[in-house]
Amino acid sequence: MATATTVSPPGSSTSPMLDPSPDPNPTSPSSTETASEKSSLLYVSFNQDFGCFACGTEQGFQVYNCDPFRETFRRDFNNGGIGVVEMLFRCNILALVGGGSNPQYPPNKVMIWDDHQSRCIGELSFRSEVRAVKLRRDRIVVVLEHKIYVYNFVDLKLLHQIETMANPKGLCAVSHAPNSFVLACPGLHRGQMRVEHYGLKRTKFITAHDSRIACFALTLDGSLLATSSTKGTLIRIFNTLDATRLQECN
């Protein structure tokens, strides 16, 4: 069973916002090309409003603006790989997990990176490899293969633990509306989804598919859940409050 230890980051570090226009770590074209040639892509994820996306590589991580499309900034770690990089909207705080052939950080640790200070200001340690990380302004969600941990962002206090069936891809989704916190994850049985409504203190189990869950997504307020299975023939949409199936798309 995985356990977590924490080092608390300063609460003030989560508020300043990054300017998406200038590059805070400018790199010359020649050095960019050289770094790109050496880098292998390990991870890609959008931020919470889909205005940016971040890439983890064998060399570090990069952040791109979607519209207009451009590289916003990059951080190179001298051959240190980043296997997971999760943004918090456009602010200076990111969650990093080492990965690749030469991980920058241990794959069983989540490092809280403050880009204004260019250093890690906190960490969460586990007994097994971290599969994914999800961020809200008030919560950090860490996904292991058989367990999910929910932490308070300000002091990294553990708030909740969830057991799941084997989840090697780290499947998990959280809502991002400020007035509600909904988390969706695989249940303990094949094809089952678990939905946590933290504001309502309510847990719902949804038998979504006969096959294993392949992917799923929540709306921003967490009211709707879309799922698909490894069979890959349809997408189902559920009301997360009462677990009713609303639509099925072939």
Side-chain angles (χ1 to χ4, degrees), residues 1-4 43-48 50 83-88 95 97 107-110 124 126-153 156-177 180-232 234-246:
M1 182 177 294
T3 59
Y43 187 85
V44 178
S45 67
F46 282 96
N47 73 338
Q48 291 78 3
F50 302 99
V84 175
V85 52
E86 188 74 10
M87 299 178 67
L88 180 60
V97 179
N108 67 322
K109 288 188 176 184
V110 177
L124 297 163
F126 303 88
R127 294 179 182 174
S128 61
E129 184 175 335
V130 175
R131 300 297 185 180
V133 183
K134 303 296 179 182
L135 298 182
R136 284 172 47 97
R137 296 191 190 278
D138 56 352
R139 297 290 185 266
I140 301 174
V141 177
V142 181
V143 185
L144 309 184
E145 185 160 349
H146 293 277
K147 208 153 191 179
I148 293 175
Y149 294 91
V150 181
Y151 295 88
N152 190 43
F153 208 129
L156 301 187
K157 179 182 178 181
L158 179 62
L159 301 177
H160 193 208
Q161 303 178 41
I162 301 171
E163 292 188 14
T164 70
M165 66 179 302
N167 186 16
K169 293 184 178 180
L171 300 177
C172 183
V174 298
S175 64
H176 296 294
S180 67
F181 177 24
V182 181
L183 181 149
C185 65
L188 290 171
H189 306 289
R190 184 179 64 183
Q192 184 186 67
M193 292 294 304
R194 175 172 178 160
V195 180
E196 294 286 341
H197 286 268
Y198 286 101
L200 300 175
K201 298 182 179 179
R202 180 185 302 175
T203 302
K204 282 289 181 182
F205 291 94
I206 301 173
T207 303
H209 299 273
D210 294 329
S211 305
R212 293 176 66 94
I213 300 294
C215 63
F216 52 87
L218 285 168
T219 51
L220 290 178
D221 64 358
S223 63
L224 300 178
L225 171 70
T227 67
S228 66
S229 72
T230 53
K231 193 173 181 181
L234 52 83
I235 296 171
R236 288 176 173 155
I237 300 174
F238 298 88
N239 182 317
T240 60
L241 282 172
D242 58 16
T244 56
R245 190 169 73 194
L246 303 177

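The model shown is predicted, which means the values in this text are computed figures rather than measured ones. Residues take their numbers from the sequence shown, with the count starting at 1.
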Student: Around Asp242, counting heavy atoms of other residues, nucleotides and ligands shown, do more than 12 lie under 6.0 Å from its CG?
Tutor: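 Enclosed.
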Student: Is the backbone N or O of Ser211 less than 3.5 Å from a side-chain atom of Thr230, with the two atoms forming a donor-acceptor pair by type?
Tutor: no
Student: Determine yes or no for a side-chain-to-main-chain donor-acceptor pair under 3.5 angstrom, with Asn108 supplying the side chain and Phe126 the backbone.
Tutor: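 Flag set: sc Asn108 to bb Phe126 pair under 3.5 Å.
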Student: Between CG of Asn239 and OG of Ser223, what distance do you get to the nearest 0.5 Å?
Tutor: 7.0 Å
Student: Walk me through whether Ile148 and Cys172 qualify under side chain to side chain contact (heavy atoms under 4.5 Å, CB included).
Tutor: CA-CA 9 Å; Ile148 293 175; Cys172 183; 4.2 Å; yes
Student: I'd like to know whether His189 forms a ring-ring contact (aromatic ring centres under 6.0 Å, His included) with Phe205, so could you lay out the CA-CA distance, the side-chain angles of the two residues, the decisive distance to 0.1 Å, and finally the verdict.
Tutor: CA-CA 10 Å; His189 306 289; Phe205 291 94; 8.4 Å; no
Student: Specify the closest pair of heavy atoms between Arg194 and Glu163, including all atoms of both residues, with the distance to one decimal.
Tutor: NH1-O, 4.4 Å
Student: What closest approach, in Å, do His160 and Leu158 show between heavy atoms, and which atom pair accounts for it?
Tutor: O-CD1, 3.6 Å
Student: Nearest 0.5 angstrom please: Ile206 CD1 to Phe216 CZ, how far?
Tutor: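 One finds 10.5 Å between CD1 of Ile206 and CZ of Phe216.
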Student: Locate the shortest heavy-atom distance separating Ala208 from Thr227; write the atom from each residue and the value.
Tutor: CB-OG1, 3.8 Å
Student: Heavy-atom count around Arg139 CZ within 6.0 Å, excluding the residue itself: above 12?
Tutor: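 Yes - once you tally the heavy atoms of other residues, nucleotides and ligands closer than 6.0 Å, there are more than 12.
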Student: To check you understand the geometry: which heavy-atom pair defines the closest contact between Phe153 and Arg136, and what is its length?
Tutor: CD1-O, 3.1 Å
Student: Taking all atoms of both residues into account, what is the closest heavy-atom pair of Val110 and Ala95, and its distance?
Tutor: CG1-CB, 4.1 Å
Student: Keeping the roles fixed (side chain from Ser45, backbone from Met87), state whether a donor-acceptor pair exists under 3.5 Å.
Tutor: no
Student: Could you give me the CA-CA distance, side-chain angles and deciding distance for His146 and Leu144, then say whether side chain to side chain contact (heavy atoms under 4.5 Å, CB included) is met?
Tutor: CA-CA 6 Å; His146 293 277; Leu144 309 184; over 6 Å; no
Student: Does any non-hydrogen side-chain atom of Val150 lie less than 4.5 Å from one of Phe181?
Tutor: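 Touching, per the 4.5 Å side-chain cut-off.
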Student: Can a donor-acceptor pair be found, under 3.5 Å and without considering hydrogens, that links the side chain of Ser229 to the backbone of Lys231?
Tutor: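 Looks like yes, one N/O pair under 3.5 Å.
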Student: How far apart are the C-alpha atoms of Leu135 and Gln48, what are their side-chain angles, what is the distance that settles it, and do they pass the side chain to side chain contact (heavy atoms under 4.5 Å, CB included) test?
Tutor: CA-CA 8 Å; Leu135 298 182; Gln48 291 78 3; 3.8 Å; yes
Student: Any side-chain heavy-atom pair from Leu183 and Val195 closer than 4.5 angstrom?
Tutor: no
Student: Could you measure the distance from the CG atom of Leu225 to the CD1 atom of Ile237? Nearest 0.5 Å is fine.
Tutor: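 Reported to 0.5 Å precision, the distance equals 9.5 Å.
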Student: Under the rule for side chain to side chain contact (heavy atoms under 4.5 Å, CB included), what residues qualify as partners of Val84, not counting sequence neighbours?
Tutor: Tyr43, Val97, Val133
Student: Distance check, rounded to the nearest 0.5 Å: His197 atom NE2 versus Leu241 atom CG?
Tutor: 4.5 Å
Student: Return the minimal non-hydrogen interatomic distance between Gly222 and Leu218, and the atom names on each side.
Tutor: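 Between these two residues, the closest heavy atoms are O-CD2, 4.1 Å.
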Student: If you measure from CG on Asp210 to CZ on Arg190, what distance do you get to the nearest 0.5 Å?
Tutor: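 So the gap between those two atoms works out to 7.5 Å.
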Student: Looking only at side chains, do Thr203 and Glu196 share a donor and an acceptor under 3.5 Å apart?
Tutor: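 On atom types as modelled, these side chains qualify, holding a pair under 3.5 Å.
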Student: Mind checking the CZ-CZ spacing from Arg245 to Phe238? Nearest 0.5 Å is all I need.
Tutor: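 Separation between the atoms: 6.0 Å.
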Student: Using a 4.5 Å cut-off on heavy atoms from C-beta on, say whether the side chain of Ile162 contacts that of Cys185.
Tutor: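 Yes; the side chains approach each other to less than 4.5 Å.
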Student: Before giving the answer on side chain to side chain contact (heavy atoms under 4.5 Å, CB included), spell out for Glu86 and Ile140 the whole-Å C-alpha distance, their side-chain angles and the decisive distance to 0.1 Å.
Tutor: CA-CA 10 Å; Glu86 188 74 10; Ile140 301 174; over 6 Å; no
